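Computed from a predicted model, the values in this text were never measured in an experiment. All residue numbers in this chain count up from 1 along the given sequence.
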Amino acid sequence: MKKSNNNHLSEEEKRAILRAADEIIATGGRTLLAKILKGSREKKVLQLKLDKCPVYGYFKSEKLEEVQNKIEWMIDYDFLDIQYSGKLPMIIFTERGWHIERDQMADEILREWQQWIEQGISHPDMSYLKDRNREMILLFLEKVKETQDKRYIPYLKTWAEIDYKKVKAKIQETIKALELNEPIDHQVKLKREESTKEMLEGEAPQDLLLKCYECGERFLFTVGEQKFYKQKGFVYPKRCNECRNQRDEEFLW
């Protein structure tokens, strides 16, 4: 396992945190995510079967506080975000984080299919793919097509029998491409891989210039203020400090 310093996480660590987050998106918070990655044997973790996550215990040799700091880094660098459900702060993917995770999940399913082939499993239950995220499923089918491996055709046919019309049509397209041995569009594949690599760089937090709804002037919204607002579940301010203070004075009068 690659080690990170205080200012940066390795690609492997980023992917592990995103994979663990996938298990609790919009249903669990930072502490629960840290416990998955730490390999906690806490009752809630076991009841939710989070110990079955492929990256469960990934940071088992580190302190829980250190794991939590890594998660905060992922939030700061635009991989994860916080969304409040009532008063409870839940982990969600940013657009960047989901771009990486859907690619990772598609690869994970493809590896599973490869293992089934090696084990001689001919007709597995494909119901687990039904109602999955459509973007991820379409990406997965694209990756299956790129293998040019006809051994996946029986799996695709089994899957097509139980999924919805739109997904079924895409599955049939993939079957046809494999049967006809259609050439791979290497430019599309390369562009996709480069996009994911770029996304993995993250985006360092920076001060923002916001426009005041009241006076129209620009005002600075610092990184520290942004973090405070996110932690509290507040929306970003629409007025500069001067206009806010003026409104407060008018309210008091």
Looking at side-chain heavy atoms only, is the closest gap between [X] and [Y] below 4.5 Å?
X: I92; Y: L80; result: no
X: K14; Y: M74; result: yes
X: W113; Y: L156; result: yes
X: N133; Y: W98; result: yes
X: F219; Y: P237; result: yes
X: F93; Y: H99; result: no
X: Q114; Y: L110; result: yes

Which heavy atom of [X] sits nearest to which heavy atom of [Y], and what is that distance?
X: V235; Y: Y229; answer: O-CD2, 3.1 Å
X: A16; Y: L37; answer: O-CD2, 3.8 Å
X: N181; Y: Q148; answer: OD1-NE2, 3.7 Å

For the hydrophobic clusters of this structure (ILVMFWY residues joined by side-chain heavy atoms under 4.5 Å, transitively), does one cluster hold both I71 and L50?
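Both belong to a single hydrophobic cluster.
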
Distance check, rounded to the nearest 0.5 Å: [X] atom [atom1] versus [Y] atom [atom2]?
X: I82; Y: E72; atom1: CD1; atom2: CD; result: 7.0 Å
X: D107; Y: R15; atom1: CG; atom2: CZ; result: 7.5 Å
X: L141; Y: K170; atom1: CG; atom2: NZ; result: 9.0 Å
X: I184; Y: L190; atom1: CD1; atom2: CG; result: 12.5 Å
X: R134; Y: R102; atom1: CZ; atom2: CZ; result: 14.0 Å
X: F140; Y: L129; atom1: CZ; atom2: CG; result: 6.5 Å

Keeping [X] on the side-chain end and [Y] on the backbone end, is there a donor-acceptor pair under 3.5 Å?
X: Y152; Y: I175; result: no
X: K38; Y: E62; result: yes
X: R96; Y: M199; result: yes
X: T222; Y: D207; result: no
X: Y77; Y: A204; result: no

Does the distance from a Lys or Arg side-chain N to an Asp or Glu carboxylate O, for [X] and [Y], drop under 4.0 Å?
X: E173; Y: K145; answer: no
X: R192; Y: E142; answer: no
X: E23; Y: R19; answer: yes

Check whether NZ of the Lys or CZ of the Arg K70 lies under 6.0 Å from the centre of the six-membered ring of F59 and within 45 degrees of that ring's axis.
yes

Distance-only polar pair, side chains of E101 and Q104, donor-acceptor under 3.5 Å:
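Side chains of E101 and Q104: pair found under 3.5 Å.
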
